Structure formats: structure tokens, C-alpha cells
**Student:** 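Mind having a look at this structure? Questions to follow.
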There are 2 protein chains.
Amino acid sequence: MSDQRKWVTMGDVARHAGVGTITVSRALRTPAKVSADTLKKVHKAVAALGYVRDDTAGALSSQRSRIVGALVSTLEQPVFASTIRGLEEGLRQGGLQLLLGSTRYQPDTEARMVSTLLGRRPDALILTSTTHTDETRRLLDNAGLPVVELWELPRDPVFAAVGFSNRAAGRDMVRHLVGSGRDRPAFLRTARASDTRADLREQGYRDALDGRAPRILAVPPHEDDSGPDYGARGLAQVLDRWPDTDALVCVSDALAVGAWCEAMRRGIEIPRRLAITGFGDIDIAGASGIGLTTVRVDGEAIGREAARLTIAATAGAPVQDRIIDLGYTLRVRATG
Amino acid sequence: MSDQRKWVTMGDVARHAGVGTITVSRALRTPAKVSADTLKKVHKAVAALGYVRDDTAGALSSQRSRIVGALVSTLEQPVFASTIRGLEEGLRQGGLQLLLGSTRYQPDTEARMVSTLLGRRPDALILTSTTHTDETRRLLDNAGLPVVELWELPRDPVFAAVGFSNRAAGRDMVRHLVGSGRDRPAFLRTARASDTRADLREQGYRDALDGRAPRILAVPPHEDDSGPDYGARGLAQVLDRWPDTDALVCVSDALAVGAWCEAMRRGIEIPRRLAITGFGDIDIAGASGIGLTTVRVDGEAIGREAARLTIAATAGAPVQDRIIDLGYTLRVRATG
DNA sequence: CCGCTTTGTGGTATCGATACCATTAGTTGC
DNA sequence: GCAACTAATGGTATCGATACCACAAAGCGG
């Protein structure tokens, strides 16, 4: 940390280069509108002074912050890692910057963060959730900016959505299990109040039961417990309650991996005695030693597509498809 | 997305409440300086108009953005998840907001992102890396703001650092293995050009060899390969090259879990025939089925401590300890 | 060589909140 | 009862970049 010296301003650069401030602005923002000669002078001055433009001031005068706020449900699990990567890269190409936050699946946290984010006057907002408090919904509606919701396909998106049908995916997975002879599948999830994606997958599970009695276990949230811990606890409780369960459909890969570990510890043969499936296809799911059967979602594509939509919308281009379904793939591996 | 209606300004709120704009500013920023009566009027007006303050404008005039930029090496693995959580919570209590980015272990990406971040005039910067390009270092030195580096203890921090000794941790882990009879430990890492933490842990491994021949394998980075994939490939290559290896010290938990899976697939007995250790103690490491022996790092504490330091520094308080060592714990579990 | 467009450049007002200073009313001390 | 203070509030300049308009010079067709 150096001394209290103030920042170099655009005016300083202009003086040093012998041009007007506005020319410096153009040289940096729209180089095509400036002569090659002037451009060189400006760049030299910028380098000499170590100038870094104040985008905060730029945002104020242009009424465009070039910031896109994004709120993901969790950063603890890598589910959204690829989506964030896709988003970040896509937005960067459009000259936009990602302002990231995590809601931890709590609607009130989401409300607070949306409010904070709006204070930075982002050009758009991206949310990996479609369940909002009334307060949040009001803020979003009044903000007058594009809002893109991810990983689901809400019936009435605030503005647009990119995702897939969680319900269909859940249904397909259970059908696959039933089709390969599993007759008593159980569904394992965490008991979170507003995890719409989990609700939808559970609904898909019910859809596919076809008259069989549902075996649904919602592990209560517990301080300091992580995904795999829930999975291990969940498996124990499921077997406790329904000992003859022959397939465990987990709402996420993190849970599935935890359940798998617990099964290994107990010496339960997988998949002969018990099939285990996950959701998301995170990196570890594919590890050869586990080989988790799961639903693959192309998170990076979701991110890229959301970025494309966002760039188009902020540029004022008309957006045709407001609900984009990118689908999913059943990835059948060793565990079921 | 609603129509093109402009944002409500502080002036609008002031008019609606029948007070001056500056009073509204004070009511929201320093309520103590405003009478209870006025406060109520202002809040009512804010609610009625759905006002959200423009922090961008506030930052410009007060020369304090209340933003702290943070760059982590990766978001793909949950190593830094707890650190981010600690940071975010700590900063929020100090009225600061986290602007998050990922460098993907690439110094040039870091340079680009530092520059972009500085354009938002953050009050401080936080980096989970101590290896910077000359360009980055110059920017940081000239920026005149507190820079806190995490997860390492550099000799000459830009401003301050919060972390632990990666070298000592690596050394302790290997000493533990050697002490329990492992005579031919190998070290597995990814071959990334600028992963200082990996370098230090490797150094620790060498320290503890005590005359034994080093067996170091750096898996070359490969497009689309994730942590566990590297681990699996790495185990294969290590056993190929040094078949009698009896302990595999992995530079991260992600690698260790992948190696563990591959070992399971090959029917290698763990830990009898081969010990496997990781680094970081991510959630899955503790899962009972794996029980990975690893180095536990209290990431959340690092985040909280960094937040405390940052708040103090931005408030102009004198900072005494610029290098804070939070230590680590050897967590011996089933795999070694 | 004259109107016309195109290209390059600069001056000035502006974005919205806050710093700074001024003002008023009320309170305290002697 | 008056100076000296505090509490509460408002007016105005300011932060740094960009929008908008103006203008000069160059290119160009006839």
C-alpha cells in the first residue's frame, strides 16, 4: 500500500497527451473514432501515468454500469461452477463484468442481496432461482432491467429463463431405474424451505412411481453439515425406515456421493443390492472409482446462453425466446 | 422487465418527504444524526417510492466505494468456499460488499482482472495468491489501497497476509507418514506454472524425505480434466513409474479423492498397501466412506480475519500484524 | 470551386449522492 | 440574560467520465 496519492484522472492523461479529455475517453472506449496518431499518444500517456479509468464515474454519466449482478444458490458445492465460468466468459466478450453473490438458498438473503446489487445499478441481473419473496419480485419488476433466471423453466419468468425441466429429468431417472428392475426406489433430498429445483425433481420422482408407494426422505438441515454428510445420514435413515429399498435417487451429486461413501462403509453392494443416482454430474461423479449414474446438465452452456441473452437485451435488441430449454442427459454409469 | 422509467432519485424522496436531499442521505447513511420524526418521514417516502440508493454516485462523491474486490484462484473446487463465506459475512458487518472473481491460476488473467477491478475503485483488494506478474505488482503498489493476500505467508506482502505455512504443512504430513512406517512416499501435483502453494507443499515434502529419493509427479494440465481426473491419472502414472510406492501425498483433496477412487477401482488396499493424503479438508474428504487423511485449514477463519483486517485498514486504523498465521491441523483418518 | 458529407476533435452540461460550510433553534453555564 | 455550545437541517460545489452539440478540416461529386 503506497501513500495517499490520489488517482490519476482522465484530465491528467489528456494534458499529458496534449488532447482533450473527451478524446481520451473515446480513445479508450471507442478507438475506431479516433485517429491512429492520437490513439498512440493517448496510449503512451496512459502507460506513462499508470492510468486506470474510473468506471464508477463512467457508469454515472452514461447510465450504463456494464455490470451484471449474479446470485447463485450456493458456492459451497461446485454445481454452478461451470455456469459461472460460461457466464463470465460470455459477458466479458460483451464488455460486461460479473458481480457475484451467493444466496445460500435463503429467500430473505436473496432479497437483501438483490437490493444491495441494485444499488450498484447493474445493467442486468441473473438468478439461479425462481422463487422470490414478494419484496424481491417487486424490486425486480420495478427495476426495469433484464432479469435472467437459470436452471429452471418458470412459467412466468421476470424477463427470461435458461434451463431445463427438473421434473422431467427426475421422472426420466426414476423410469430408468424402474425399467432396469428396481421396484422400490426412494428419494433423498435436504429439507430446505425454498429449493424449487428439489421440489420439481421430487415431483418427477412421484410421476414415475406408477402406483408404488413413495419413499421420500428430507434430511433436516443441520449446522455445519455439508452435502456429503447429509447423504450419509440420509442413506442411514432411508434404510432404517425402508430396509428393502433397492434404489436411492438423490437430489444432488453431493448427496449421492455421501450416500455412496456410507454404503461402501457398510459393505452394501452397489449396484447389485442398491442403486444410487445423483444430479448435476459434478467433477467427482465421473471419477472412475465411483462412476455415479446421474443427470448431466451442461452448466457452461446455460451460462453462455444467459450471457448471450443478457448482452442482446442490454444492447436493446429484441429478445424472441424468453424461455430457453437446454435439456439434460441421463448419464448411466456404474452405480445404477 | 418494466418500461424505461428512470430510477427514483434521492431528490424525489426528499420532495416526497418534504425535507432536503442531504437529510435523506443522512437518514439512510447515518440515522443517528437525524431526528426520529424526520427519519420516519424519510423511511415512509422511501417505501412509497421504492427508492434504492445509487451507490455508484455515492462512491464518486465520497471517494469510498464500499466495495472490496476479491480474486480467488479457483471456483471450480470448493477449497475457497468457506473462505469466501467468512469474507462475505465479515465484510458485510463492516458495511462492505464483496466483488468476486476467479483467476483460474493464470497470472495474466489475474493481471487483467486486477485492472478491471481497480476500475471500480474498490476500497481494498483480496487475493488468494502471492505470485503476481510485474504488471499486477505495479498496479497494486500504485493503487494505494490495502491488499490482503490469503492462504500463504509471503515474506514481503503487498500490504498484509492471512494464512499458514504450506511448506510446514507438507513437511508435517510426510513426517507423519514416514513416522508410521511409510518408506517410499510419492508426491502428486498438477503441473501448473504458477501455483505457489503447490510449490511450497512440494518443498515441504522434500524437506521431510530425509535422504530418500524424491518421487514427484506433476500431471500435465489437460483440457476438460477436473481435479479428480488428474488424481486418477496421477495415481496410474505414479504406480507405473514407482510400483513399490507406499504413500501418495496429493497436493489437494480433489486430487486425493480421484486417486482414491482409482485405487478402489484397481482393488488396491487402502491404507495397507497404499496411503493417500490430501490437502484442504473439503466436505467430501470427511465423508465416512472415504475418510481421507488430510491437512485441515480453517478457511472460514482466514476469511473472517481478512475481513477484520480489511475493515480496520479502510477505516484508517493502524494495522499492527501484517502477517497472520492461522496454522493448520493434521487430520488423520482412514487413508493414512 | 461550391455545396455536401465524413472524420476528428473539443467545450460544457450532466449523471446522483455526499463533503463542506452555513444557518437556525434550542440548551446550557455562569 | 447573554455568550457559547449542540442538534438538526439545508444550499451548493464537487467527484470523474460521458452525452450532446458545435465546429473545423478533409474528401468528393458535379
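Keep in mind that what you see is a predicted model, and the values were worked out from it rather than measured. Below, read A as the first sequence line, B as the second, and so on, with proteins coming before strands; counting in each chain starts at 1.
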**Student:** At under 4.0 Å between heavy atoms, what does A:V24 touch on the DNA or RNA strands: base, sugar-phosphate, or nothing?
**Tutor:** nothing

**Student:** For B:R85, is there an ion pair with B:D298 - N to carboxylate O distance below 4.0 angstrom?
**Tutor:** no

**Student:** Taking salt bridge (Lys or Arg N to Asp or Glu O under 4.0 Å) as the definition, give me every residue that meets it alongside A:R15, ordered by chain and number, with sequence neighbours left out.
**Tutor:** A:D12

**Student:** Rounded to the nearest angstrom, tell me the gap between atom CZ in A:R64 and atom P in C:dG16.
**Tutor:** 16 Å

**Student:** Using the closest heavy atom to pick a nucleotide of DNA chain D for each, name whichever of B:A36 or B:Q63 lands nearer the 5' end.
**Tutor:** B:A36

**Student:** Report the nucleotide, chosen from C:dT18, D:dA17, C:dG16, that has the shortest atom-to-atom distance to any side-chain atom of B:S62.
**Tutor:** C:dT18

**Student:** How many whole angstroms separate atom CG of B:L118 from atom P of D:dA17?
**Tutor:** 14 Å

**Student:** Could you please name the option among C:dG16, D:dT9, D:dT18 that lies closest to any side-chain atom of B:V34?
**Tutor:** D:dT9

**Student:** Regarding B:R112 and B:E135, does a basic nitrogen lie under 4.0 Å from an acidic carboxylate oxygen?
**Tutor:** no

**Student:** What's the CG-C1' distance between B:L28 and C:dA17, to the nearest Å?
**Tutor:** 11 Å

**Student:** Check this one for me: any side-chain N or O of A:S35 less than 4.0 Å away from OP1 or OP2 of C:dT7?
**Tutor:** no

**Student:** Out of D:dT18, C:dT18, D:dT9, which has the shortest distance to the side chain of A:R53?
**Tutor:** D:dT18

**Student:** Please report, rounded to the nearest Å, how far the C1' atom of C:dC15 is from the CG atom of B:D55.
**Tutor:** 15 Å

**Student:** Taking the minimum atom-to-atom distance to the side chain of A:A57, which one of C:dG8, C:dG10, D:dA17 wins?
**Tutor:** D:dA17

**Student:** B:Y51 side chain N/O closer than 4.0 Å to the phosphate oxygens (OP1, OP2) of C:dG16?
**Tutor:** no

**Student:** Nearest to the side chain of A:I22, which nucleotide is it out of C:dG10, D:dG16, C:dT9?
**Tutor:** C:dG10

**Student:** Rounded off to whole Å, could you give me the CZ-to-P distance for the B:R29 and C:dA17 pair?
**Tutor:** 10 Å

**Student:** Side-chain N or O of A:S25 versus OP1/OP2 of D:dT18: is the shortest distance under 4.0 Å?
**Tutor:** yes

**Student:** Roughly how far, to the nearest 0.5 Å, is the CE atom of A:M113 from the CD atom of A:Q106?
**Tutor:** 11.0 Å

**Student:** Which of these nucleotides, D:dT9, D:dG16, D:dC15, is closest to any side-chain atom of B:S61?
**Tutor:** D:dC15

**Student:** Counting only side-chain N and O atoms of A:T38, is one of them less than 4.0 Å from OP1 or OP2 of C:dT9?
**Tutor:** yes

**Student:** In terms of side-chain heavy atoms of A:L60, which of D:dT9, C:dT9, D:dG16 is nearest?
**Tutor:** D:dG16

**Student:** Just by distance, no angles: are the side chains of B:S194 and B:T131 close enough, under 3.5 Å, to form a donor-acceptor pair?
**Tutor:** no

**Student:** Atom NZ of B:K33 to atom C1' of C:dC21: distance rounded to whole Å?
**Tutor:** 14 Å

**Student:** Considering only heavy atoms and no angle criterion, is a donor-acceptor pair shorter than 3.5 Å present between the side chain of A:R26 and the base of C:dG10?
**Tutor:** yes

